[in-house]
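All chains are named by letter (A, B, ...) in the order of the sequence lines, taking the proteins before the strands, and each is independently numbered beginning at 1.
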Amino acid sequence: MAVTPLLNPDQRKAVESFCGPLLVVAGAGSGKTRVLTYRIAHLIETHGVEPDQILAVTFTNKAAGEMKERIGQLFSEGQAQAKFGKAFTALSSGEQHQIQAKVRQDLIQPLWVGTFHALCARILRFDIEKFDGPNGRKWQRNFNIFDESDVQELFKTIVIKEFNLDDKKYAPRSVRFMVSSAKNRGLDPQEYLQAEGNTPRSRVVTQVYERYQDHLARNNALDFDDLIWLPVQLFRQQPQVLNYWHQRFQHILVDEYQDTNRSQYELIRLLATNDKPRSQWDWSNRSIFVVGDADQAIYSFRQADFRILMDFQSDFGDGEKDQQTKTLVKLEENYRSSATILELANELIANNVERIDKVLRATRPAGTPVQLYEADDEVAEAEFIVSHLRQLEKQNRSWKDFAILYRVNAQSQPIEQALSRWGVPYTIVGGLRFYDRKEIKDVLCYLKVIHNPLDSISLKRALSVPKRGIGKTTIDKLEAAAATLESSLWELLSEEESIKNLAGRTSAPIIQFVRFIERLREQSSQTLASEILETVIKESGYVAMLQEEGTEESEDRLTNVLELRSVAQRFEEESEDGSLEAFLANVSLASDLDNLDDAAERVSLMTLHAAKGLEFPVVFLCGLEDGLFPHFRALQDGDSSAIEEERRLCYVGITRAKEYLQLSYARNRRLYGDRQPAIMSQFLKELSPEKLAGATPRRRPAATQTRTPSLPPAKRPAPVRPAPAQGRRQPSQSWAVGDRVTHDQFGTGQVTHVLGAEPKLFLAISFPGLGKKVIDPRLVTLRKLSN
DNA sequence: GACCCCTTCTTTTTT
DNA sequence: AGAAGGGGTC
């Protein structure tokens, strides 16, 4: 394989290292994906490692697919040379297909490449029945995976109905978050209680946690967190099970290691070491290879901890001095961005304290200056972005070269409007996922019930849509009866006699429903997912219901349901396993990003989190305003680690751009209902002004702007003098964002937000060194300084 | 049991 | 601004 010439010395070192632990600190755009794919190919080709002994963890399903694709290409090329002595492209299409099919079957398909969640789900399909959970909790191999709304619903039931807690004090959402955090840190309920300290509140959360796990087990369901944490518990409980997987996966690779949480780390640690003490480790024919960049750690809200990356060498190395260099490779050459863009990124991230020593060196020329634009409001910002983008497109660029990145999903709205007004094709990643749409969930829950009828949440949903005369009262009654009988809802529903007695007139539709599900269950093991789906769509009455409705909305829903059918068909064509189980797993673990089609001629819109790992020739990074980015939640408690994470997020955004980067912010933004003045992000102030071009701040014109949708936007709003300062003579002083003030106690600061209105007006003021404080201007003396 | 209207609440990032 | 939940009516 012609590997070597394409790699720089550090990349080659990473690719060719064979056994033992290795940490690859890979800066943005330093070619880590190439290193990962080449390494896997190299392990197989040069060291004769069997593909099914390799476990590679990626951050998204899409990344997994691409990695397999690229490895397949490498092998196809090699095979073409070996078999025909020609380049792959020089072969006839018959020969190409022959090679591809063989490569796929022998080398690619046996690889275990996927996200933590997908890989763990796969392991659990084999071994979950061997797990004896605490309190007798058991799961069966046909478990369902609860999505976020299923989980939320369950928490509401437990907190409000079962524990009768005050949902003001114990908001189901926040209890759910605490339980999730506990799992991500690898804490069971008792360990959680210990870690949190024995307070009334943590005792309650612990009890809810226990009850929640009972519910999951009774529904034969897992949540996202359990998908990873349950294998960890299983491995600890059953050493022979761990031993099997440990023997099986001789070479483990983990991408985006900086965004790993404790439970994921523990899983990797167990698989790599077989839970044996350091003295018994044997690296003679195995490796653990992780790639990451602490500067791009952006998932601490989901308990990811980049110290795990920083600790890698002491965790897995043997601690000897020369091991420190043997177990580390740094990739510090950036092949992606222009030198100008990279300089800006480096300057920004230098403001963070918690870092690994690393410099990113540019390999590309300076390129175009980075631009900064100040807009009047979010609509003007969107208009600017779109008109600018159209200009660039005319200069020999295609739509797919552009990405518009932002901090929160809600920011997409004005941009979408501007794009569609101008007829620019775009795709939006995130927001409402296809699989989260009501009609899709409605149909899918039939499949989930067929797969696992113990899943009462899906069962209840399927019972109620389409309407068949089974209402909330009936369901509540039957559920209560099932609870009393200590049986599942499904078991109760299946006994016709009991149903007739319990449900009276409503029993007929219930019995009919149960027979329908049972019929499909009998077929389910030998029938393709799409065929079961077809029957559900036709015979559940769902489509009929939508057709009868005849509204525009129901038309859309119908289209989506039919789209789901083609999703299922496509899934069967592309994957080895077209079973209902495989399809459901795929659907449950799909992220919106997985559908991003690189080939499509469209502008991409997404959050900065979703943009991780991607690159675009032209990037618009918008909404750079204090409170939005950095987000006010990170500003709130003067928590510097939260600000540093926001800064890393900004760094991720900047480093997505290859050639052209356009930053922007609005002086005024409507967000969450009302209009708020805004000031430029502190991150922009951390950059030297000479690095930012075109930053001429434009002031709001005195007259109301033309913003009629059908009109083209003002090409370049003429610079207008600042609006005259208002309210100088008002009895109470007027305040504006950006005002510099002195406070008797805190000194000089700058107003960042004006909250509320007189007489209940508060100011958020940022005092250098002291952080942000919310102040009531009537209670303290504030003096306004002239700007 | 189903539907409609009103109020209230909540506003980050996601596998 | 938008969703979701509650309460009232048919």
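- Between the side chain of A:Arg302 and the base of B:dT13, no donor-acceptor pair under 3.5 Å is found.
- The distance between atom CG of A:Leu227 and atom P of B:dT15, rounded to the nearest whole Å, is 13 Å.
- Summarising the geometry, the separation between CZ on A:Arg647 and C1' on B:dT13 is reported as 17 Å, rounded to the nearest angstrom.
- If you check every strand for non-hydrogen atoms under 4.0 Å, A:Lys156 touches sugar and phosphate atoms only.
- Nucleotides of DNA chain B nearest to A:Thr607 and A:Lys467 differ in position, and the one nearer the 5' end is that of A:Lys467.
- For the OP1/OP2 pair of B:dT15 and a distance below 4.0 Å, the side-chain nitrogens and oxygens of A:Thr115 include no atom meeting the criterion.
- Among the nucleotides B:dT14, B:dT13, B:dG1, the one closest to the side chain of A:Arg407 is B:dT13.
- Regarding A:Arg433, its CZ atom lies at a distance of 15 Å from the C1' atom of B:dT13, rounded to whole Å.
- Here the nucleotide nearest the side chain of A:Arg670, chosen from C:dA1, B:dT15, B:dT12, is C:dA1.
- Atom-to-atom, CD of A:Gln152 to C1' of B:dC9 comes out at 15 Å; the value is rounded to the nearest Å.
- Ring planes of A:Tyr209 and A:Trp229: tilted class, angle from 30 to 60°.
- For A:Glu162, the salt bridge (Lys or Arg N to Asp or Glu O under 4.0 Å) test picks out A:Arg211, with sequence neighbours left out.
- If you check every strand for non-hydrogen atoms under 4.0 Å, A:Gly469 touches sugar and phosphate atoms only.
- As judged by a 4.0 angstrom heavy-atom cut-off over every strand, A:Gln413 is placed among residues touching the sugar-phosphate backbone only.
- Taking atom CZ of A:Phe632 as the reference point, atom P of B:dT11 lies 9 Å away to the nearest angstrom.
- Remark: ring of A:His631 stacked against base of B:dT12; centroid gap under 5.5 Å, plane tilt under 30°.
- Distances shorter than 4.0 Å separate some side-chain N or O of A:Asn409 from OP1 or OP2 on B:dT14.
- At a threshold of 4.0 angstrom between heavy atoms, the contacts of A:Phe116 with the nucleic acid are absent.
- Backbone-only engagement by A:Arg173 is indicated by non-hydrogen atom pairs under 4.0 Å involving sugar-phosphate atoms exclusively.
- A distance below 6.0 Å separates the ring centres of A:Phe59 and A:Tyr299.
- Across the protein-nucleic acid pair, A:Phe155 atom CZ and C:dA4 atom P stand 19 Å apart, rounded to whole Å.
- A:Asn61 comes within 4.0 angstrom of nothing in the nucleic acid, heavy atoms only.
- Seen from the ring of A:Tyr651, A:Arg648 does not count as a face-on cation partner, given the 6.0 Å and 45° thresholds.
- On the P atoms, B:dT13 is 15 Å away from C:dA4, given to the nearest whole Å.
- The CD atom of A:Glu378 sits 11 Å away from the P atom of C:dA1 (whole-angstrom rounding).
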Could you go through the side chain to side chain donor-acceptor pair (under 3.5 Å) check for A:Glu256 and A:Gln258 one step at a time? CA-CA 5 Å; A:Glu256 308 284 8; A:Gln258 78 282 357; 2.9 Å; yes
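- Sequence order on DNA chain B of the closest nucleotides to A:Ala610 and A:Lys472 puts A:Lys472 first from the 5' end.
- The CD1 atom of A:Ile160 sits 12 Å away from the C1' atom of C:dA4 (whole-angstrom rounding).
- B:dT13 has its base stacked against the ring of A:Phe301, the centroids being under 5.5 angstrom apart at an interplanar angle below 30°.
- In this structure, A:Leu493 CG and A:Phe513 CZ are separated by 8.0 Å, a value rounded to the nearest 0.5 Å.
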